[in-house]
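No experiment lies behind these values; they were computed from the predicted model shown. Note that these values count all heavy atoms, side chains included, but never hydrogens, waters or copies made by symmetry.
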Protein chains: 2
Amino acid sequence: MSPEVNDAANDDTCGDPGTVRPGGRTARVRAAVLRTAGDALAEHGFARLDLADVARRADVGKSTVYRRWGTVAGLVADLLTDMAEQSLPRTETGSLLGDLRANAELVRSTLADPRQGALFKAVIAAATTDARTAESLHRFYEIRVAEWAPCVEHAVLRGELPKGTDPYEVIRAVSAPLYYRLLTSDAPLDEAAGARAAEAAAAAAKAGVYT
Amino acid sequence: MSPEVNDAANDDTCGDPGTVRPGGRTARVRAAVLRTAGDALAEHGFARLDLADVARRADVGKSTVYRRWGTVAGLVADLLTDMAEQSLPRTETGSLLGDLRANAELVRSTLADPRQGALFKAVIAAATTDARTAESLHRFYEIRVAEWAPCVEHAVLRGELPKGTDPYEVIRAVSAPLYYRLLTSDAPLDEAAGARAAEAAAAAAKAGVYT
DNA sequence: CAACTAACGAAACTGGAGTCCCTTTATGAG
DNA sequence: CTCATAAAGGGACTCCAGTTTCGTTAGTTG
């Protein structure tokens with residue numbers, strides 16, 4: 001199913017729809033569909049998302065959506081790629097704890113926001129279903145983590161953390177408890193939770209757990 | 001929809017199907033359906049689970065499944081209730097780090113197991129869709145966390161941790177990075193990851209983060 | 001500014017998930 | 001053991017998500 005890469009003799013311009021002629025209309029359709037998909041995901045969650053409804057709400061032909069994205073999982077994967085491209089600026093406070101607190105607060109406020117929180121939940125749920133979607137999700141988080149890793153590297157250079165500390169693991173340690181709470185508990189994601197996440201990661205890193 | 005509790009004048013024996021006459025056949029059907037549902041969830045994930053297929057594979061009438069559980073979310077909620085009842089024994093090693101390591105290894109090996117890991121992913125995904133399912137999931141984790149909280153309480157009594165440490169938060173801190181890795185990364189959940197999770201939680205707790 | 005064609009849109013079609021209704025089974029009470 | 005009925009089973013029916021087809025629109029190229 002779907003246009004796949006054929007064995008040989010296929011060196012002509014044959015890509016997925018949207019890649020060969022990415023002109024104005026195509027881009028407009030993509031933007032409208034992705035925005036609508038985000039809204040629908042945040043509203044009804046991943047399971048109740050059907051492409052026909054997205055097409056209707058985005059004022060786009062139903063067959064267009066099915067042709068370009070095919071399945072819910074495929075659409076979510078593309079949405080994640082789009083989200084990964086929108087990079088957020090990182091603040092630098094000068095101390096490890098300050099930086100981790102800033103990161104924790106950014107993550108916390110995002111997840112605590114009703115729309116964004118629901119969207120992230122839906123996207124994580126979608127990734128459990130489809131391998132391609134999972135790959136997109138993993139790449140998304142890899143990019144986000146990499147954006148904040150320099151904070152930890154600087155802390156190592158300043159001597160705040162032991163040499164050989166894995167910067168990625170420290171950043172992940174900040175997010176982990178927030179996501180865990182979002183998914184497995186109904187407790188609110190308040191600012192105290194964010195602060196605790198940052199402090200715990202800093203304490204563990206200073207103890208040399210992530211070397 | 002579904003038989004709900006009516007306001008008044010409903011004091012006769014009117015419960016959801018399966019509660020009034022929970023005899024052999026009814027219990028057998030429930031067991032068969034839940035087992036099959038677990039298998040199907042682990043195999044295809046939450047999105048591709050349809051009750052008709054579960055009924056077929058469980059050798060149970062389709063209408064029976066729809067009558068008793070109604071929706072995929074309802075079935076998963078019941079499955080979670082069933083899982084919560086199967087309590088796992090807790091080991092006690094005598095030191096905080098030892099206990100947390102044991103807990104981490106239990107969680108890690110469960111999530112790393114292909115079938116169990118996929119099942120947990122699916123169940124978490126299902127909970128993002130339906131409020132009742134989410135409630136069941138939250139209760140499940142509350143029970144599991146409560147089972148291990150005494151380890152932390154004992155550590156406080158032994159003087160290993162500062163007074164006023166929240167036992168639940170420490171136990172959650174052990175699981176969080178493992179679940180975060182399961183859901184947002186394709187890195188394997190090896191034993192080192194489990195050990196690190198335990199050590200990080202212990203270090204943070206000793207630093208007084210969870211007071 | 002044509003001509004070409006990639007991509008979109010409208011509408012008919014289809015298969016299977018979910019519903020309904022009636023029949024059969026077997027549980028639990030007397 | 002017998003009876004009343006809770007619950008399961010079977011199968012026809014409905015409805016809509018997803019597919020297919022074909023005509024239309026609008027980027028792209030020379």
**OP:** Would you please confirm or rule out a distance under 4.0 Å between OP1 or OP2 of dG27(D) and any side-chain N or O of R28(A)?
**Re:** yes
Please confirm whether the shortest side-chain N or O distance from T64(B) to OP1 or OP2 of dG9(D) is below 4.0 Å.
yes
When rounded to whole Å, the CG to P distance for the pair D59(A) and dG9(C) reads 9 Å
note: R48(A), atom CZ; dC16(D), atom P; distance rounded to Å ~ 15 Å
Open item on the list: What's the angle between the local helix axes at either end of the helix from dC1(C)-dG30(D) to dG30(C)-dC1(D), using five pairs per end and rounding to 10 degrees?
Closed with: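 The two end axes of the helix from dC1(C)-dG30(D) to dG30(C)-dC1(D) meet at 50°.
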- Task: Could you check if a side-chain atom of Y210(B) sits within less than 4.5 angstrom of a side-chain atom of Y168(B), using non-hydrogen atoms only?
- Result: no
Between the main-chain N or O of [Y] and the side-chain N or O of [X], is there a donor-acceptor pair closer than 3.5 Å?
X: S185(A); Y: A187(A); answer: yes
X: R90(B); Y: E147(B); answer: yes
X: T128(A); Y: A125(B); answer: no
X: D99(B); Y: T93(B); answer: yes

Salt-bridge criterion met for E142(A) and R172(A) (N-O under 4.0 Å): no
*Would D82(A) and R30(A) pass as an ion pair if we require N to O under 4.0 Å?*
yes
Using a 3.5 Å cut-off and no angle test, enumerate the donor-acceptor pairs between side-chain atoms of residues 39-51 of chain A and protein atoms at least two apart in sequence or in another chain.
{"from": "D39(A)", "atom 1": "OD1", "to": "R115(A)", "atom 2": "NE", "distance (Å)": "3.3"}
{"from": "D39(A)", "atom 1": "OD1", "to": "R115(A)", "atom 2": "NH2", "distance (Å)": "2.6"}
{"from": "E43(A)", "atom 1": "OE2", "to": "R57(A)", "atom 2": "NH2", "distance (Å)": "3.1"}
{"from": "D50(A)", "atom 1": "OD2", "to": "D53(A)", "atom 2": "N", "distance (Å)": "3.3"}

Protein and nucleotides 17-24 of chain D: nitrogen or oxygen contacts under 3.5 angstrom:
{"from": "dA17(D)", "atom 1": "O5'", "to": "D50(A)", "atom 2": "OD2", "distance (Å)": "3.3"}
{"from": "dG18(D)", "atom 1": "OP2", "to": "Y66(A)", "atom 2": "OH", "distance (Å)": "2.8"}
{"from": "dG18(D)", "atom 1": "O5'", "to": "Y66(A)", "atom 2": "OH", "distance (Å)": "3.4"}
{"from": "dG18(D)", "atom 1": "N7", "to": "K62(A)", "atom 2": "NZ", "distance (Å)": "3.2"}
{"from": "dG18(D)", "atom 1": "O6", "to": "K62(A)", "atom 2": "NZ", "distance (Å)": "3.1"}

